Amino acid sequence: PKEDAGDPAVVVATRPKTKRPPLYKVLLLNDDYTPMEFVVAVLERFFGMSHAQAFEIMLTVHKKGLAVVGVFSHEIAETKVAQVMDFARRHQHPLQCTMEKE
Ligand code: TYC
């Protein structure tokens, strides 16, 4: 679509606005205290991962410090973070889960 030079008689071709909502990465952070099995259980329970997949991602977080565990709409990402943080708190583990715009 060309730019409008300012002449009011010129009809400018416009792109139809199809802006998609932003997506958010949900991140799991490493710590020294949360048991590995607990993290695996979190990934299975709240992110629908298989045991093998959950174990693999848990090890990535353990070794690299953090990993993206999913990408969601703002509302779903917020819910996942809240679920993980609440579950960790209830079990008295310091596990941290955050979100960031993609
Ligand atoms: N580092 C933890 C341990 O050695 C395991 C762990 C993995 C903790 C991933 C948090 O997000 C995490 N017990």
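Read the numbers this way: they start at 1 and go in the same order the structure lists the ligands and their atoms. Keep in mind that what you see is a predicted model, and the values were worked out from it rather than measured.
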V84 and F47: CA distance, side-chain angles, deciding distance, side chain to side chain contact (heavy atoms under 4.5 Å, CB included) verdict: CA-CA 10 Å; V84 172; F47 298 92; 3.7 Å; yes

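Looking at atom 4 (O) of ligand 1, its nearest protein heavy atom turns out to be H62 CE1, 3.1 Å. If you check which protein heavy atom lies closest to atom 2 (C) of ligand 1, you get D31 O, 3.2 Å. Annotation: atom 7 (C) of ligand 1 to nearest protein heavy atom, N30 OD1, 3.6 Å.
With respect to the salt-bridge test (charged N to carboxylate O, under 4.0 angstrom), the residues K25 and E102 do not qualify.
Ring-plane geometry between H91 and F38 is classed as tilted, the angle between the planes lying from 30 to 60 degrees on a 0 to 90 degree scale.
For ligand 1, the polar-atom distance check finds no N/O of Y33 at less than 3.5 Å from any of the ligand's N/O atoms. At under 3.5 Å, not a single nitrogen or oxygen of D32, backbone or side chain, sits near a nitrogen or oxygen of ligand 1.
Within the 4.5 Å cutoff, the side chain of T98 has no heavy atoms near those of the V81 side chain.
Near L95, with a cut-off below 4.0 Å to any heavy atom, the atoms of ligand 1 are 10 (C), 11 (O), 12 (C).
Looking at L59, L43, T60, L29, it is L29 that brings a heavy atom closest to atom 12 (C) of ligand 1. Across V39, V61, T34, heavy-atom proximity to atom 3 (C) of ligand 1 is greatest for T34.
Taking CE of M58 as the reference point, atom CE of M49 lies at 12.0 Å (rounded to 0.5 Å). The CZ atom of F72 lies 10.5 Å from the CE atom of M99; values are rounded to the nearest 0.5 Å.
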